[in-house]
Amino acid sequence: MLDIRIVREKPDWVRARLASRGSGAEADIDRILLLDEARRKGLAEVELLKAQRNRVSKEIGALMGRKQFAEAEALKVETRQIGDQIGRLDKEVSEGEQQRDDLLLTIPNLPHESVVVGRSAEDNPVVRTFGVKAEFSFTPKPHVALCESLKLVDFARGAKLSGSGFLLYTHWGARLERALIQFLLDLHTQEHGYIEVSPPFLVQRECMTGVGQFPKFVDQAYAVQEGTDGSTLGKLFLVPTAEAPVANIHREEILKESQLPIKYCAYSPCFRAEAGAAGVGTRGMIRVHQFDKVELIKIVDPAHGDAELECLVSDAERVLQLLGLHYRVILLCTGDMGFASAKTYDIEVWAPGQGSYLEVSSCSNCEDYQSRRMQLRFKTESGENRFPHILNGSGTALARLFVALIETHQQPDGSVLIPPPLRPYMRAESIPVVQ
RNA sequence: GGAAGGGUGGCUGAGUGGUUGAAGGCACCUGACUCGAAAUCAGACGUAGUCGCAAGGCUACCGUGGGUUCAAAUCCCACCCCUUCCGCCA
């Protein structure tokens, strides 16, 4: 969430930055300021009363000590009314604060100054590209056809088990999925210096709020309950990304400056309701309710936030380079960025069978937006507590990587060549044609 | 799920209604002593909100949320978590 002090001090600037997102959130700033003003006024009043009560209470204590009970009783009567007043005002103040914070939680992060102002995906500049679109001596098949002919995914039975948008990987497909997870974890831990963690796949509300998923995007999450006990519904949620648990690992902690940067790497399945999204329910692996992902999380000193984001992107790019895939990196414009992000790069991999680029990674610096929500701080050398920058990036999402991989490396005979770095994990050089 | 015990500042550990935001010890920091270090001595040492140009003041916080009271770390209620034992179970 935004720093209320900045909202207070530079409301026009905040409104302007928010307006560049085109989400309309800037309209709520006035109400937030109003609530904040009222809260501070009430607070000053009630604290004065409390100070008064504390003073008198001490006097009463002293009188009791001297056994001057009559005097003590008189003061008690006097103070009782103050107590009632405090009770009323306290309630008023905390309600106002609640309203202010509830509203503040629905305000997205401010875009970084380097982000291009734009309205939609069409305004996103391409930052760089790697490799070229693969050339084929034949018409490359789309992944659905490849998956069927090579028996990599059983779409029909996946849907039978869980409905559309769920995949049943089979045979070499299941192995490829597992190999990719292993490959990605090894790459990031051994070559990029991330610490591997394996988090819970169900998280509490606080985690979702901490990363900015809630309250705004509750509809996109799967809420679970215990058996048929409706009272337990919504205590836990299936993770939409490992970011939800992993970024929250140090929630409500005060880290030492020397601990930074912290770099975590985690595999998790990702569950997304995709309510209202186009493309769910159609066949294929591009948009599904459950997919695997290896996520990268960094907690860093704000001074290094910008540089760490660049580094994060290149860590993710390395995956595609090693797998021999053509991709491009784009910078999301203000209108296309995610809720919590100040700056986001997307990596889009070329899928020749689709004839399009697929987003396989989204790398963001959320700056102190999430750390403020989750009360994660670090203590500087000089003893000051500050909010660190929290960055997240997919390293990478799997279903689409799977698509790009098989579409790019398909052979004239219908088999798929495995890129060398993946071969030890597959224990094979190619996925053979089914006889 | 059942039983018992327990949750106090970075750690340890006192504290069962009244100058206790919290003794003592350890760690950390500053200073003195020392060529330097250790030891010793002295001091400082939680988080947040709010007011103030500042110095500083005030308020809140002893697992969480309620309650009793002039006053709660301390009493009452509910919940959460941890430990041990039992049961069930991958």
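Here is how names work: the chains are called A, B, and so on, in the same order as the sequence lines, proteins then strands, and each is numbered from 1. Both backbone and side-chain heavy atoms feed into the values below; hydrogens, waters and symmetry mates do not.
When the C1' atom of B:rA48 is taken as reference, atom CD of A:Glu252 falls 13 Å away, rounded to whole Å. The interatomic distance linking A:Gln81 (CD) with B:rU69 (P) rounds to 15 Å, in whole Å. Computed from coordinates, the A:Lys67 NZ to B:rG18 C1' distance equals 13 Å when rounded to whole Å. Rounded to an integer number of Å, the gap from A:Lys58 NZ to B:rG21 C1' is 11 Å. The CD1 atom of A:Ile4 sits 9 Å away from the P atom of B:rU50 (whole-angstrom rounding). To the nearest angstrom, P of B:rU47 lies 14 Å from CG of A:Leu255. Rounded to an integer number of Å, the gap from NZ of A:Lys76 to P of B:rG17 is 15 Å. Taking atom CG of A:Asn385 as the reference point, atom C1' of B:rG46 lies 10 Å away to the nearest angstrom.
In this structure, A:Arg39 does not reach the B:rG49 phosphate: none of its side-chain N or O atoms is under 4.0 Å from OP1 or OP2.
Between the P atoms of B:rG25 and B:rU74, the separation comes to 26 Å (whole Å). B:rG2 and B:rG13 are spaced 32 Å apart, taking the C1' atom of each and rounding to whole Å. Between B:rG5 and B:rU47, the distance separating the two C1' atoms is 30 Å to the nearest Å. Going from the P atom of B:rA73 to that of B:rA4 covers 28 Å, rounded to whole Å. A gap of 23 Å separates the P atoms of B:rG67 and B:rC81, to the nearest Å. For the P atoms, the distance linking B:rU40 with B:rA27 amounts to 9 Å, nearest Å. Comparing B:rA37 with B:rG24, their P atoms sit 28 Å apart, to the nearest whole Å. Straight-line distance between the C1' atoms of B:rA71 and B:rA14: roughly 22 Å, to the nearest whole Å.
Residues A:Arg287 and A:Glu274 are paired through a salt bridge, judged by an N-O separation under 4.0 Å between the basic side chain and the carboxylate. Between A:Arg88 and A:Asp84, no side-chain nitrogen of the basic residue sits less than 4.0 Å from a carboxylate oxygen of the acidic one, so the salt-bridge criterion is not met. One finds no salt bridge joining A:Lys151 and A:Glu148 here, because no Lys/Arg side-chain nitrogen approaches an Asp/Glu carboxylate oxygen to under 4.0 Å. A salt bridge links A:Lys50 with A:Asp90: the closest approach of a Lys/Arg side-chain nitrogen to an acidic carboxylate oxygen falls below 4.0 angstrom.
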Notebook entry, point to check: Once each nucleotide of nucleotides 51-68 of chain B is scored for protein heavy atoms under 4.0 Å, what B/S/- sequence comes out, 5' to 3'?
Noted result: S------BBS--------

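Remark: A:Arg377 in residues 366-378 of chain A come within less than 4.0 Å of RNA chain B through at least one heavy atom. Heavy-atom distances under 4.0 Å link RNA chain B to no residue of residues 84-97 of chain A.
By the neighbour-count criterion of 12 heavy atoms within 6.0 Å, atom CD of A:Gln204 is sparsely surrounded, having that number or fewer from other residues, nucleotides or ligands. Counted within 6.0 Å of CD on A:Glu226, heavy atoms from surrounding residues, nucleotides or ligands total 12 or fewer; the atom is thus considered open. Atom CZ of A:Arg8 has more than 12 neighbouring heavy atoms from other residues, nucleotides or ligands inside a 6.0 Å radius.
Side-chain contact between A:Leu376 and A:Pro388: present, with at least one pair of heavy atoms (C-beta onward) separated by less than 4.5 Å. Between A:Asp315 and A:Glu191 there is no side-chain heavy-atom pair separated by less than 4.5 Å.
For A:Asp12, the salt bridge (Lys or Arg N to Asp or Glu O under 4.0 Å) test picks out A:Arg15, with sequence neighbours left out.
Here the CD1-CD1 distance, from A:Ile29 to A:Ile107, works out to 4.5 Å after rounding to the nearest 0.5 Å.
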Item checked: Strand RNA chain B as a dot-bracket string - pairs counted if Watson-Crick or G-U with both distances under 3.5 Å, | where the partner lies in another strand -> ((((((((.[[[..)..(.....]]]..((((.......))))..((((((....)))))).[[[[[..)....]]]]])))))))....

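When each of A:Glu367, A:Glu308, A:Glu310 is paired with A:Lys298, the salt bridge (Lys or Arg N to Asp or Glu O under 4.0 Å) condition holds for A:Glu308 and for no other. Each of A:Leu398, A:Leu401, A:Leu152, A:Val153 was scored for a side chain to side chain contact (heavy atoms under 4.5 Å, CB included) with A:Glu177, with one residue passing: A:Leu398.
Candidate nucleotides B:rU50, B:rG18, B:rU47 were compared by shortest atom distance to the side chain of A:Arg5, and B:rU50 ranks first.
Contact annotation for A:Leu43: backbone-only contact, meaning every heavy-atom pair under 4.0 Å involves sugar-phosphate atoms and none involves a base. When heavy atoms are screened at a 4.0 angstrom cut-off, A:Lys256 is found touching no nucleic acid atom at all. Nucleic acid contact class of A:Thr79 (heavy atoms, under 4.0 Å, all strands): sugar-phosphate only.
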Next item on the list: Show your working on side chain to side chain contact (heavy atoms under 4.5 Å, CB included) between A:His188 and A:Val319 and close with a plain yes or no.
Entry: CA-CA 9 Å; A:His188 295 307; A:Val319 169; 3.8 Å; yes

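Each of A:Ile254 and A:Arg80 was assigned the nucleotide of RNA chain B with the nearest heavy atom; the assignment lying further toward the 5' end belongs to A:Ile254.
In terms of heavy-atom proximity, A:Thr209 sits nearest to A:Arg373 at O-NH1, 2.7 Å.
For residues 74-115 of chain A, no residue pair satisfies the ring-ring contact (aromatic ring centres under 6.0 Å, His included) rule, not counting sequence neighbours.
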